[in-house]
Amino acid sequence: MTVTLTINGQKVTTAEGSTILEAARSAGIYIPTLCHHPDLSNVGACRICVVEVVGARNLQTACTTPIAEGMVVYTDSEIVRATRRFVLEMLLSDHPNDCMTCEVSGDCELQDLVYDYGVKWPEHKGKRHNWEIDPDPNPFVFIDRNKCILCGRCVRACAEIQNRDVWNFAHRGFRTKLVAGADQFMLDARCESCGQCVAYCPVGALYDKMSLGKGRANQVQKVRTTCSYCGVGCNFDLNVRDGRIVRVTSAPDAPVNGMALCVKGRYGYDYVHHPDRLTAPLVRARWLQGVEEKLKGGEWQVFVPQGNGRDGGDGSDHLTVTPDTFIQTDWDTALDVVARKFAEEKRLHGSGAFGMLASAKCTNEENYLFNKFARQILGTNTIDHCARL
Amino acid sequence: MTASDGDGGASAVDLSLMEPVFQKYSGQPGALIPILQKAQDIYNYLPAEVLQLIAERLGIALSKVYGVATFYAQFYLERRGKHVLKICDGTACHVKGTPALITAVEEEFNVRPGETTLDGELTLEVVYCIGSCALAPATVLDGRVMGRMRPTQLLQHLRRHVSKTSVQET
Amino acid sequence: MGEQTNVRIVEDAALTSTKDLPSQWIAVCMGTGCVSSASAEVRQALIQELERHGLSSQVEVRRTGCFGFCAAGPIVVIHPDETFYTRVTPADVKDIVEQHILANRRVERLMYRDPVTKVPIEKWYEIGFYSKQQRIVLHNCGIIDPENIDHYLAREGYQALHKVLSEMTPDQVIDEVIRSGLRGRGGGGFPTGLKWKITRQTPRWPKYVICNADEGDPGAFMDRSTLEGDPHSVIEGMIIAAYAIGARYGYIYCRAEYPLAIHRLQVALDQARQRGFLGGNIRGFDFSFDLYIKEGAGAFVCGEETALMASIQGDRGNPWPRPPYPAVSGLWGQPSNVNNVKSYAYVPHIIRLGADWFKQLGAPDNPGTAIFALTGMVNNTGLIEVPMGITLREIIYDIGGGIPDGRKFKAVQTGGPLGGCLPEAYLDTPVDFDSLCAAGAVMGSGGMIVADETTCMVEFAKYFMRFACDESCGKCPPCRIGSTRMLETLECITAGLGTLEDLDYLRYLANGMQKGSLCALGQLAPSPVMSALRHFEDEFRAHIEERRCPAGKCHALITYEIIADLCTGCMVCARNCPTNAIRGEKRQPHVIDPALCERCGLCKELCKFDAIVVR
């Protein structure tokens, strides 16, 4: 069943049961929103999407009002624009004038709307909230309630997508406060640090703690990637600045996961630039030949751990090489050593000597090849996968 | 009342008192508010442990229980005084002199609306309309309605009532 | 008091009175107002005194609902004489029994006296307070024992239900209610029958019937009195509504601040269930319905129907946007019919006596009566039921007996925190939904508060805005922040710091809230301020331009002073001043230090010599 209505003089035909917002967007008509998000239920709280419906007593929120046959809607009339301006002015009147240093400047739905509607900074003698900034000791989610517009997207994201119900509103009226659990720290309130609340926050009230001060939207390059942690294949955007990853943001068009990510995908990227990260193969000196020469020629190096001084030498050039010393070699040399050892073991002890464990970080295809290699080349059926443990 | 009541000391909360309440409302939809009301009847306020227990037993998030408990004016999350004075600031009472009553009690007991005196004797609450408009201005001390109150009368009454009890108990 | 004559004789035995009641009985008001002034003690004393004289079996002492004339409470009425005794204390009981009951002599000192002629008036219906009233919803209040279903049955109770079940289809019931022109008594004035029709037509089950008894308006107690005095009338109305729309279950959402009303409702529900008026196959007909009480927990916004349903579901009382309306998607997403207490209470009368009977009451397009809680600066405060179309002047002066102590009328406020106030020039406005709306006030749910010259209209407006701020649910920014900004601006003005631009800012904020807010609370919360600004702008200007509060109420703009000539130096004020702001030697004129004075007014109240004045 379809319904035909008129939006700004244009006839729009769309599925029965749609909202005015859905009908308008299907016809390419823009209606601004704040508390609405296509992934979440609609609550009609922020009043930004109000439209004029002919015959209705009051302005209606486009995100919640179901369409009806013959309905006549104006989405951009003067009264609509004035009301949106008023709402934005009210929000600004209880918001810090902080865009200059705000993390989300340039990536803020409130800032964009204030700009679009030409709202001036409201000076007034009244109250502004003065909540403590970043009061929560959790390692991932930064909270600045002074910037919170109480749209409830984080509350709904946590409840409807993550099913954790960490967030809710407490108290009422001007005293309404976004709280975790019974106004506790997030990690004491069933939070599993997925960061969905941050992803859905339209302003700078919730932000990624690890990314504070590391680069704003217009300073970073977004690089779409697939998460390397498991085989689900979530996509997200690496926010890269000066060749370094400074943040991970959800990619709404990600085919597998949409906006959703887990704590590892969203916050587990610090290993990328870690000084201890291995970037070349290491082989014990005892398996190699001609070590002295290659070291002298500069093709190989004695491995010196960089981080934390762990296990490490003093960084001088006069390192003693023992049979256990790790030598940083090239891939061909390292793989040759592995192949030689596999062949030797198989000859001496047979295929039964091998047990193979595959990784969940590999793709399906890689795991398939791994299985082929185990059964056909090494000749063992003793093969398993870490996700089965 | 135990001796530790007044000084806000943490006397252990007997959670087993909630069992009959859970039994009564078992399986009923939308039972959170009546359960909170019954809990407050039992403990006189809503201790954190009780909120946690209610969340567990109803299988709902603590954030939801807390959101509801802080939304409604009837619920208290902090221990209240031995005596509770409610001053009605409904419209009829307001035009007939509630503000003067509030000022008088504030000054005399050094307590603001919604607060309890430091000695735990008196909680002052300002409420909107108890429906005794014809007796404006109306006050309720420990559940007893006192109508047509004047500041002097109210203070006399409080001095007598509140101090007498504390003398008896010390 | 139009006695209804054309009562049908019903064959069902349970529907006729089974109990022989004594011809002589004493009604003691046990409404919340009278109970607060010790009517329970009076009742107990009466029972004991009658017992002492061996009269217990001949004279019944009956607990009744509210007589309405709360200002004169506790009220005792002796039947069948209909003698109306006021302000009765337990000490008066001996005289009532020995003189009136035993010796048939009236106790004149307990009778109400005409405020002008001072002549005692015996019969209740001869008192000015009752003169212009027409009691339909309240016709049982003060007559029956609300905790005794037999009393209700003896007054044609549940006959409308019997008629509906035995000879009317649901559609006929709805048609009758539509034809009667009954409009919702919660304040909106939406046609009740139409609401039922839409709910009936929504093809989804289950459906719910909900009674809104969350009477949150400060200064209003109409619903409470109805529930306390005649709970069965509301229950009967709800059962009929359930039959009409096809509901199996219903809820009465009553504010927890009304413990007596909840108790009486519970008793009434239990009795109705026992007699088969609730439950499976009601009175043997193929219709089942049951009803539960849900207690509110202290949130004015839950009087808004969508917030009310959120609260029944156990959530925060945040309103939902409409449409979809509750008739389509309400409680738990199901079709739900929400009406006010009084709307349901009219229904049995309309069914029993017919739509035509109801239509001829009141005013055109506004049939029936209006129930008001008349309070504030008026001599006869209390609960009144008047025909629609009566003027404000008749209510305030004829029924209310005018302003106390000869002071001057200033304004009458209707509709509570979502209503407006009207000045003297509007006193001849007829009281009905449309006329009050046109005048800039609203009918509201029935609070009517009279302000006199000692009321500061700026402070009054600020009071309502503070209420709106306290009760805003916080969901939408126009109400959450707009009301805060309005309150701050009004606080500025009453603190003597206002500017004329503040008045424009108030108007701007009000307009934004009205247009932008989600629910009626936010949309209508500016109304008290706007109507005060419209009718009393000079008072606002006096605060701003002259830094003066004409009513002498705003603390920052007044000072307390002692007139030296009148002060005897008795020290009473100095001893009682909570901030020790008063100094002076014994038998010497005292002085108030304005820097220390908190302007609590205690000294002025205590001074026996009227030596303290407000400037």
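Fair warning: this is a prediction, and the values are worked out from it, not measured in the lab. In what follows, chains are A, B, ... by sequence order, proteins preceding strands, each numbered from 1.
Within 6.0 Å of the NZ atom in B:Lys64, the count of heavy atoms belonging to other residues, nucleotides or ligands exceeds 12. The neighbour count for B:Arg112 CZ, taken as heavy atoms of other residues, nucleotides or ligands under 6.0 Å away, does not exceed 12. Atom CG of A:Asp98 is surrounded by more than 12 heavy atoms from other residues, nucleotides or ligands within 6.0 Å. Other residues, nucleotides and ligands contribute at most 12 non-hydrogen atoms within 6.0 Å of the CD atom of B:Glu78.
Put simply, the side chain of B:Ser63 gets close to the backbone of A:Asp165: a donor and an acceptor are under 3.5 Å apart.
With a 4.5 angstrom heavy-atom cutoff, B:Ala73 touches chain A via backbone and side-chain atoms both. The contact between A:Val166 and chain B is made entirely by backbone atoms, counting heavy-atom distances below 4.5 Å. Contact of A:Ala189 with chain B is not made at all, since no heavy-atom distance falls under 4.5 Å.
Within the 4.5 Å cutoff, the side chain of A:Asn168 has no heavy atoms near those of the B:Tyr66 side chain. Side-chain contact between B:Leu62 and A:Gln184: present, with at least one pair of heavy atoms (C-beta onward) separated by less than 4.5 Å.
Among A:Asp183, A:Val179, A:Thr176, the residue making the largest number of heavy-atom pairs under 4.5 Å with chain B is A:Asp183. Counting heavy-atom pairs under 4.5 Å between each of A:Ala170, A:Gly181, A:Gly173 and chain B puts A:Gly181 at the top.
Of the residues A:His171, A:Lys177, A:Arg175, the one that meets the side-chain contact (heavy atoms from CB on, under 4.5 Å) test with B:Thr70 is A:His171.
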